[in-house]
Structures are given as C-alpha cells and as structure tokens.
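Ligands are counted one by one from 1 in listed order, and the atoms in each one are counted from 1 as well.
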Amino acid sequence: MQDELKARGAAARVRGILPLFEADEGRAEAFSIEYEGMLFDYAKTHLSREDRDAMVQWAEAAGVATRRDAMFSGQLINETEGRAVLHTALRNPEGGPIEVAGRDVMPEIRDTLARMKRFARRVRAGSFKGAGGEITDVVNIGIGGSHLGPEMTVRAMATFHDGPRCHFLSNVDGADAADILDGLDPRQTLVIVASKSFTTQETMTNAATVRDWMAEVVDDPAAQFVALSSAQDKTAAFGIPPDRVFDFGDYVGGRYSVWGPIGLSLMLAMGPDAFGMFLRGGASMDQHFREAPLAENMPVMLGLVGLWHHQAMGFPTRAMLPYAQRLARLPAYLQQLEMESNGKRVQMDGTPLEMPSGPVVWGEPGTNGQHAFYQLIHQGTQVVPCEFIVAAKGQEPRLTRHHELLLANCFAQSEALMRGRSLDEARALMGEAGHAGDELERQAAHRVFEGGRPSVTLVFDELTPYRLGQLIALYEHRVFVEGVMLGINSFDQWGVELGKELARALEPVLAGEDAAPEKDGSTRALVAYVRDIWRRGG
Ligand code: F6P
C-alpha cells in the first residue's frame, strides 16, 4: 500500500490541482460532502477520482467500519490499557444499553448528567452560594484534556453565555494562578478541579494553591470546590464530598472528555439546555459516521484526505485555520486530539510503525495568521496542507461587513494557494508597475506563487452549540479513522510519561538535595546554572 500511495502522490505532485478542475466540470460537487448544515469541500486537493477510490479501498481493507462498530458497541479497542472507548455514549444519553464487560454503562452516564444539570441549575439560579453569596466566577483547574476542551468550547460559545464567568487555570507556572486569581472574589468563586486521575502534578499543585487563596477569607473552602474525576478515593482525600464529585468511567479518554463531567464549566456558562444541544450535535455526527457509506462519510473522507497529504504526498504538517475568532483555541484543542492520539511509534501489536505517524498539527485563527505565517504557506519550500473552517453567518448581527470580509479572506486564501501566480503573470505586473530589464526580472521572481497547494474548507451556517458538537465529533472520528489506518492505538498516551517521571526526579536535584551524578552533563549544567542564579539572588 505504501508504495502505491507514494507513486500516486508523486504523480499527483506533477499533475497539480487546477488541471483536475479543467478535466472534470463536476469536481466541486463530486469532491464535497454535505451533512446537516455543514459542507466539507476537498476539491482543492491533488486527489483524482482514482486516487480517492484507492484511498477508500485502503480504508475498507484496514477495517475502518468494523473497528468503528467495535468502538460504538463498547468493545475493548484501547488494547494497551484494556479499556473500551465510549465518549460517544456521553453524548447519546437517550441511546440504548451499551455493555462493557457485561455491564450496561448507560444508567451511570444518565445519572451523572442529571446530577450535573441539577447542580448547574442551582449555581446559575444563585441557590448554590459561596461564602459571599451567589457565584459570579468559576475557575476550572485542569490540564490537557481537562483544560483544552472546556476552555475551547466555553470560548467558542461566548454568544450563548448567561451564567457565571469561567476562567481556566492549567499551567503549573505560578503566573497563571496569579493572573487568574487577581481580581476574583474568593467568596463568590466556584472552583472546579478537573482531573480524570486526580494525580496530575500541575492540577493538584494549582488546586492546593487556590484552596489556600480561598482559605484566607473563606472558613470552609472545600464547600466551594467541585471535582470532575474518575478517582473518588482521591477526591475524598482532597476533602470534596461525593455529592460534589462528578465522575466518569475509564472508557472516556481525557482528550475526548468534554462531553461529560469535564464539560461542567460549559454547562455552567450556557446552561443545561444549550449543553444538551451540544451533545445532540455530537450524536448527530456519530450517526452520520456510523451510517454513511465510506466515500460519502465526512469523518472518513476528512481522515483519508489527511492521510493522503501525510502519507502519499509526504507533507509533514497540517495547519488548522478557523476563520472564527471564538474558535481561537480550536487549533490547540486539535493539537492534543490529533498528536496525543496518533503520535505513536508502534502498531497495536507492538511492532514498529511502517509509515510516518500522525502529522504535526498547528494553527491560528484567520485573518490574524495571514499577517504572520501565511507567507511561508504561500511561498515557503515546504507545502502545508491547510484546513479552513468558517461559518456563513457571523455572531454579531450589527457587524455583517466584518463577516463578509472574513469570508472573502478565507475563500481567497484557498484560491490563492491553489491558483498561484506564474512568472509571466508576475513579470506583467512588474512591467505595469514601471519596472524593466534586470530589475523587472529580479522583482518578478519574488512575486511568484507556485500554486498547486492543497486545502480543504469546512463551511457551516453558524456557530451554535449544535454545530460545535458536530464539529468536535467530526474531528474525533477523523482522528479515529487515521489511527485505524495507521494500525495504532489512538487512545493511550504513554509518550507523556517519561518526561513526568524525570520531572519528579529532578525536583530534589533542583532543591540541592541530590547531586544526581547519573544525569548527563547538559542537564547537570542547566541545574547548576539555575541554582547559581538562586544562590546569588539570596
Ligand atoms: O499527561 C497527559 C494527560 O494524561 C492527558 O492525556 C490528559 O488529558 C491530561 O494529562 C490530564 O490528565 P488528568 O485529567 O488525569 O489530570
């Protein structure tokens, strides 16, 4: 497969993209998928119809459909941890039974959701009080999946907020805590400690700091703490009573967890009804993923386009470019979703991966990115496949011109990437600008865009809770499809453990309690340099 893919990719590079449109009038329609108010356009890629058929055949041969059904039915597809993968069950509370090792998990999911709703209603109505009265601010303490999902979605849904203000504390850098706590009234602040494991160093350090901050003015700080966790023994040890612990099963991975208790801040911000619409949007994408034939299936085709760019064309990164300011944290969210899921070195059976693992994912919202890194995207020597995301309607009815400009910019970028500007066109432009001779040649060369640069565009009507749910579920399933086809486990994350272990071991070295002779010279020198600064600082 690898060889065939590479050969196809090489031929596609020579062929380019525009000729595919010239040879196929129906290309725009044939290379797009519409589903429930969302259009995925992948016509501006190098994929020919034959290439696409080959990719779909690969997906069939890799068993994407079988694996997908195994996930939805609660089988233990996270084989390295012996766990089911059922974040999809969180967003389908009305769904039928799903058994994990002979036990139906739906009652516990429904029960927790009902408790979350009751709690959120009390906070929002002002009947759950802090020492100083109603809750005006919420601080969600968490990191990774216990941070990025809540922060990204709360920001995305700003239009729908009618609850307390939400703040997100994640970094162990004390500056994060200081900046967030500054200006908050501890007596009217609710603290959410979001940690599946309830052992994560950053989160537990921040939780203790915030508890101390609150204890300065509040007699019983624990009364204003809530825990979102799977580790009930640890939440109890921290002092949070069971009625303020919202738990979830080990079948929900951290980066897939915003649909359940980890989404509590989103529910507090916009209310249980809007949160319900968010879940419904996710469930609707699940249904599409389960039912649509592979070639008409949005997550499958998004996954196949990603693999095509990475594996066949050899493009090492992928830019996520939301033309939506409120989706500013989406690239960071997708970075964890994709890179923690598919950045693996071995296949499920432990043998080395035969292809490059998932791509580097990065991005920023447009139009800001245009004035920063798009230079490289248009003219740099490395091709970066771009994924544009934009809503047809803006969220500010009084500022429609802003939205027209946003859309024009978004569509212009994908057009420019594909079309480019030839040397002759550049020469003509420079001639019109009054240049001639060698100077014209020199100037024209700088103004050439080679074009033939691929992108996909996702357009939807407007950014509502329902659409946001669809959008996130779409990307989750895309990552799933890519993972199945790479033959890896997308649901573990052993790669983050070594650094954590070594950080724990370095603490006493920094404190001067351990000379750490076994450490390499560079690490010892860095520690010595810092300790010297501390010593001189007194
Ligand atoms: O270290 C990585 C990780 O385990 C992520 O997978 C997870 O989202 C994050 O840390 C936070 O973990 P927890 O919710 O257990 O604090």
I'd like a table of the close N/O pairs between ligand 1 and the protein (anything under 3.5 Å), one pair per line with both atom names and the distance.
| residue | atom | partner | partner atom | Å |
| --- | --- | --- | --- | --- |
| ligand 1 | 1 (O) | Lys500 | NZ | 2.9 |
| ligand 1 | 6 (O) | Glu340 | OE1 | 2.8 |
| ligand 1 | 8 (O) | Gly145 | N | 2.7 |
| ligand 1 | 8 (O) | Gln336 | NE2 | 3.2 |
| ligand 1 | 14 (O) | Ser146 | OG | 2.7 |
| ligand 1 | 14 (O) | Lys196 | N | 2.8 |
| ligand 1 | 15 (O) | Lys196 | N | 3.4 |
| ligand 1 | 15 (O) | Ser197 | N | 2.8 |
| ligand 1 | 15 (O) | Ser197 | OG | 2.6 |
| ligand 1 | 15 (O) | Thr200 | OG1 | 3.4 |
| ligand 1 | 16 (O) | Ser195 | OG | 2.6 |
| ligand 1 | 16 (O) | Thr200 | OG1 | 2.5 |

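- With sequence neighbours excluded, no residue forms a side-chain hydrogen bond (donor to acceptor under 3.5 Å, both in side chains) with Arg83.
- Going from atom CG of Leu330 over to atom CG of Leu337 covers 9.5 Å, rounded to the nearest 0.5 Å.
- Listed by first and then second residue, the ring pair (Phe, Tyr, Trp, His ring centres under 6.0 Å) pairs involving residues 161-196 amount to none (not counting sequence neighbours).
- His310 is not listed as a side-chain neighbour of Glu482, based on a closest heavy-atom distance of 4.5 Å or more.
- Within the structure, every pair that satisfies the ring pair (Phe, Tyr, Trp, His ring centres under 6.0 Å) test and touches residues 253-275, not counting sequence neighbours, is listed here: His87-Tyr256, Tyr256-Phe491, Trp259-Phe278, Phe275-Phe278.
- Between the side chains of Arg290 and Gln287, no donor-acceptor pair is found at a separation under 3.5 Å.
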